[in-house]
Amino acid sequence: MAAGNVEFVRARSDKREYRRLLLPNALECLLISDADTDKAAACMEVGVGSFSDPEGLEGLAHFLEHMLFYASEKYPGEQDYTKYISEHGGSSNAFTSSETTNYYFDVNADNFEEALDRFAQFFIKPLMSEDAVLREIKAVDSEHKKNLLSDGWRMHQLEKHLASKDHPYHKFSTGSWETLETKPKERGLDIRLELLKFYENYSANLMHLVVYGKESLDCIQTLVESLFSHVKNTDQRSFKCPSQPLSAEHLQLLVKAIPIIEGDYLKVSWPVTPNNQFYKESPSRYLSHLIGHEGEGSIFHIIKELGWAMDLVAGESSDSTEYSFFSVGMRLTDAGHDHVEDIIGLVFKYLHLLKEDGIHEWIFSELASINETEFHYQDKVHPVSYVTDIVSSMRLFPPEEWLVGASLPSKYAPNIINMILDELSPERVRILCESKKFEGSTNCAEPWYNTSYAVENVTPYMIQQWIKRAPTEKLYLPKPNIFVPKDLSLKEVQDKVIFPTILRKTPLSRLWYKPDMLFFTPKVNIIIDFHCPLSSHSPEAAVSTSFFVDLLGDYLNAYAYDAQIAGLFYSIYLTSTGFQVSVSGYNDKMRVLLHAIMKQIVNFVVKPNRFSALKETSVKDYQNFNFSQPYSQASYYLSLILEEKKWPLDEKLQALSKLESDSLTNFVAHVLSKTYLECYVQGNIEPGEAESIVQEIEDTIFNTPSSAFKPMSPSQYLIKRVIMLENEIKCRYQIEGLNQKNENSSIVQYIQVHQDDALSNIKLQLFSLISSQPAFNQLRTVEQLGYITYLSLRSDRGVWALEVVIQSTVKDPSYLDSRIDEFFKTFESKIHELSDKDFKRNVKSLIDSKLEKFKNLWEESDFYWGEIQAGTLKFDRVESEVALLRELKKEEFIEFFDEYIKVDAPQRRTVSVQVFSGNHSAEFKKAIAEDDLPKTCRITDIFGFKRSRPLHRSLKGGPGRITMD
């Protein structure tokens with residue numbers, strides 16, 4: 001047993017304690033003690049992934065990952081692990097990569113020991129029963145079918161397909177019914193025996209474990225030693241794949257592929273030496289910073305101004321320690337598609353500039369300084385995210401650098417940067433172009449996803465010709481970044497403010513303010529909500545407001561890109577009542593960025609070239625909703641049914657296709673002529689400065705001579721409300737899926753319960769806590785209805801509900817609906833027979849989850865701003881709901897279930913939204929022809945139905961609320 005005294009490189013702000021531990025079975029562990037944590041977490045990375053799949057058993061590693069969640073010799077109940085985790089405020093998951101498989105969970109800190117014991121059994125003695133094996137193959141197959149029409153999966157597999165056949169990168173890794181059931185049976189294989197044989201690769205010497213708890217390091221060490229020393233060490237050799245999956249025949253290629261969705265995409269990539277071999281020199285970070293830059297003089301800025309591209313991403317990526325790819329990817333416009341050769345020429349022209357201009361130490365130093373600041377002022381994240389992030393460092397870096405990994409470049413090595421730059425050559429390039437314009441001109445199909453494609457050779461000579469024809473606009477390197485923070489001092493807080501307070505109120509705006517009292521970090525979060533009642537009164541208004549917001553972001557991109565690199569982020573996004581500007585990050589240069597954003601808003605003009613490019617891609621985005629997952633379509637129809645003044649996508653698409661630049665110019669002046677600003681400022685900022693910021697915004701917005709902004713009177717304040725469903729009535733909305741080629745059908749069963757009220761909230765939350773895991777177990781694990789299956793809470797403008805979602809290829813939505821009802825009927829007895837002990841345990845678990853502290857400034861801001869935006873203003877929500885939970889009687893909870901949730905409850909209000917795939921067209925015809933049963937209502941006209949229903953009251957305004965006037 002070795003407990004190493006490692007001197008970890010750690011952030012200055014990090015108060016946690018760390019210890020490396022090597023168990024006698026060679027399992028290497030990192031122990032983390034955090035006395036302040038409410039959640040404990042663990043993550044195990046096993047050095048066995050899909051690259052280890054035996055020949056002809058594609059997806060076996062992924063299938064094993066699924067199977068370990070079932071049962072173990074010590075805990076033979078099929079759901080002992082997931083049930084315990086979910087009942088104690090936790091979550092669990094896993095993922096299979098090429099060379100590793102990761103398992104992780106979190107749980108309320110007081111329940112860590114028992115949760116960790118159950119987790120340890122994954123790696124000691126799992127059962128993998130015959131019955132469970134067959135059921136879980138169906139789950140893997142359902143997961144694969146969900147991905148069949150997803151371009152991300154399709155194109156990734158196509159890139160793998162066009163690689164050396166004897167390299168594991170070439171393989172299909174998800175698994176399906178065909179690879180795990182049909183073909184193995186044909187070969188006379190018993191898949192369970194193959195699974196058990198494959199599990200023998202899980203040896204302690206290939207494992208890394210991170211454990212995060214609130215106990216002392218000594219206590220955590222004792223726990224880990226007692227639980228994980230039983231993991232067998234069979235001294236397996238770690239998988240080492242051949243270095244490069246691409247040979248000469250796979251380079252100098254242009255691959256033309258047909259996607260599912262509308263839109264053209266270009267990806268230029270090269271195989272490169274993996275960056276993890278030079279993580280202190282960080283050559284790929286230096287190059288991706290320049291090649292992916294979006295400021296003036298960059299590749300992106302030029303092709304964007306020419307109207308050829310909408311975005312650009314550059315960087316290194318890898319799923320192996322042995323090889324890597326550097327790629328430049330972009331979304332093209334139609335004009336961009338016509339100029340693909342010119343764009344590729346421009347990329348190579350920029351690479352030539354980097355070689356000619358040489359490597360610059362000041363650029364490396366600036367990046368290193370930004371990375372160092374980011375590391376030392378990193379925000380605390382949830383323990384489960386932290387352990388999952390760190391475990392991957394343990395395999396790649398020496399112990400003292402586990403916490404920092406590759407995030408701190410420190411060695412300036414121009415020769416190594418040049419080495420990678422030399423690898424980005426015409427001789428080594430692969431180009432992938434996705435477009436529906438290639439239909440009719442492809443001659444190949446990738447076997448797993450049936451993606452149509454064609455391959456052409458691209459010689460260095462051809463690329464030289466493209467370079468000559470590339471745009472002549474001047475390319476140049478970025479200037480020094482003005483947004484790099486210099487002042488990281490903390491402001492003095494005079495008044496200890498617990499909750500946000502109104503600091504300033506005028507007819508034009510209201511300012512909510514809260515200083516940072518918890519995190520002591522030089523950061524700030526500012527939200528300016530533009531309440532514009534004319535922004536969404538029609539589909540045309542909603543589309544025009546959305547377009548205005550998109551153009552603002554487009555115009556600001558070149559200037560604000562440097563701010564984002566330096567850790568100062570902004571967003572401008574649409575809301576149901578206007579739009580919102582948020583700025584978050586280091587407070588030092590925040591005012592500079594905020595002022596630029598406000599000036600851009602006030603001086604807004606429609607630039608015809610950007611209008612055309614954005615309109616074209618926006619139309620495609622609307623059209624692409626047809627290709628979204630069926631459960632997303634069901635959720636959209638549900639929102640359309642529930643929300644007042646929510647416009648259907650087809651009407652918005654129609655409005656968008658008619659939108660012209662002149663009409664947008666006129667609309668923007670119109671929409672801004674009625675505006676009120678709701679402002680929220682939180683963080684490392686003094687009250688006087690917060691007031692000064694809002695005063696400056698008011699002056700810029702309302703008092704600039706050319707500004708279209710005018711104040712809004714209180715009577716014009718816009719509220720959106722939710723329809724009230726009818727007691728004891730079950731409504732159904734049945735419709736065919738928008739893409740009938742998608743084999744998945746889906747259902748969302750929505751049970752509307754109450755409007756925001758502390759006592760009702762805790763009862764509904766308690767039911768969700770108790771029922772979500774059993775619902776998943778019954779509907780997904782036992783009945784295998786579909787990979788996407790869950791029961792969760794939902795809130796629409798403060799109206800709380802339960803929703804059960806299932807997406808399925810095996811059963812139609814009417815059948816799924818009946819199984820959901822059956823689950824609630826069966827679960828009724830579980831609620832009525834709930835023991836006092838189980839009731840108290842669940843109540844304690846909910847209390848523990850509610851009392852979980854904010855991890856960072858952004859979480860705290862989200863909570864308080866959520867209360868302000870909803871109009872509820874329950875800043876003490878947690879304390880008041882916990883006090884009620886402590887007093888809650890089991891009988892009250894059961895009464896609540898009987899009144900609102902159980903099937904046939906007197907106040908049960910239900911909508912079942914059902915989306916039928918082409919697979920279930922016969923069932924759809926049958927369903928719409930059926931007569932309505934008693935206490936049911938068929939929705940055929942969503943808007944007629946909405947008009948017939950009363951509305952829930954708005955939470956904005958009313959007794960005790962803070963109103964505008």
Side-chain angles (χ1 to χ4, degrees), residues 16 27 29-34 37-46 62 64-72 74-97 100-127 136 139 202 204 207-215 219-220 223-224 226-228 230-231 380-392 394 768-770 772-777 780-781 789-792 841-842 844-846 848-849 852 855:
R16 293 166 289 213
L27 201 164
C29 313
L30 175 65
L31 316 179
I32 306 173
S33 170
D34 179 358
T37 194
D38 323 277
K39 280 276 197 288
C43 181
M44 177 76 90
E45 182 174 271
V46 185
H62 179 220
L64 175 60
E65 172 227 299
H66 277 238
M67 285 305 303
L68 294 193
F69 281 78
Y70 269 83
S72 62
K74 185 171 182 180
Y75 296 101
E78 205 165 78
Q79 294 295 312
D80 275 346
Y81 170 71
T82 50
K83 186 169 185 288
Y84 187 86
I85 297 285
S86 68
E87 284 181 353
H88 295 90
S91 61
S92 62
N93 213 331
F95 59 88
T96 305
S97 302
T100 59
T101 305
N102 289 54
Y103 302 86
Y104 54 93
F105 76 92
D106 67 352
V107 72
N108 290 337
D110 292 344
N111 306 106
F112 191 38
E113 186 172 341
E114 283 195 59
L116 196 63
D117 187 22
R118 286 163 169 78
F119 182 66
Q121 306 314 310
F122 279 38
F123 315 102
I124 297 169
K125 191 69 177 168
L127 290 182
E136 206 55 27
Y202 272 41
M207 296 182 185
H208 291 97
L209 175 69
V210 183
V211 177
Y212 189 119
K214 72 174 183 182
E215 298 80 8
C219 287
I220 296 172
L223 180 62
V224 168
S226 69
L227 297 178
F228 289 91
H230 303 295
V231 178
K380 205 169 182 182
V381 295
H382 284 260
V384 72
S385 302
Y386 194 58
V387 297
T388 312
D389 187 38
I390 286 181
V391 80
S392 58
M394 294 175 71
S768 176
L769 175 77
I770 293 170
S772 57
Q773 193 278 332
F776 178 86
N777 181 44
R780 182 189 184 270
T781 309
T789 300
Y790 59 87
L791 179 154
S792 66
R841 179 173 48 75
N842 281 299
K844 181 186 182 302
S845 175
L846 185 56
D848 288 347
S849 293
E852 192 179 337
K855 297 291 177 289

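Because the structure is a prediction, the values reported are computed rather than measured. Worth knowing before you read on, the calculation uses all heavy atoms, side chains too, and leaves out hydrogens, waters and symmetry mates.
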Quick one about E136 and H66 (side-chain donor to acceptor, distance below 3.5 Å, no hydrogens or angles considered), yes or no? yes
Reference residue L209; test side-chain contact (heavy atoms from CB on, under 4.5 Å); the match among L31, L27, V391: L27
In terms of ring plane angle, is the pair Y103 and F122 parallel, tilted or perpendicular, where the classes change at 30° and 60°? perpendicular
Hey, is K74 close enough to D117 for a salt bridge, meaning N to O under 4.0 Å? yes
Which is it for V211 and C29 under the side chain to side chain contact (heavy atoms under 4.5 Å, CB included) test, yes or no, and what are the steps along the way? CA-CA 8 Å; V211 177; C29 313; 5.9 Å; no
Check residues 89-97 and write down every donor-acceptor pair under 3.5 Å in which the side-chain atom is one partner and the other belongs to a residue at least two apart or another chain.
{"from": "S91", "atom 1": "OG", "to": "D106", "atom 2": "OD1", "distance (Å)": "2.8"}
{"from": "T96", "atom 1": "OG1", "to": "E65", "atom 2": "OE1", "distance (Å)": "2.6"}

Polar contact flag, side-chain donor to acceptor under 3.5 angstrom, E852-S849: no
Carboxylate-amine/guanidinium proximity below 4.0 Å for E87 and K844: no
Is K39 salt-bridged to D110, going by a charged N under 4.0 Å from an acidic O? no
Within 45° of the six-membered ring axis of Y386 and under 6.0 Å from that ring's centre, is NZ or CZ of R16 located there? yes
Can F776 and T82 be said to form a side chain to side chain contact (heavy atoms under 4.5 Å, CB included), step by step? CA-CA 10 Å; F776 178 86; T82 50; over 6 Å; no
Would you please name every residue forming a side chain to side chain contact (heavy atoms under 4.5 Å, CB included) with D80, sequence neighbours left out? Y75, P76
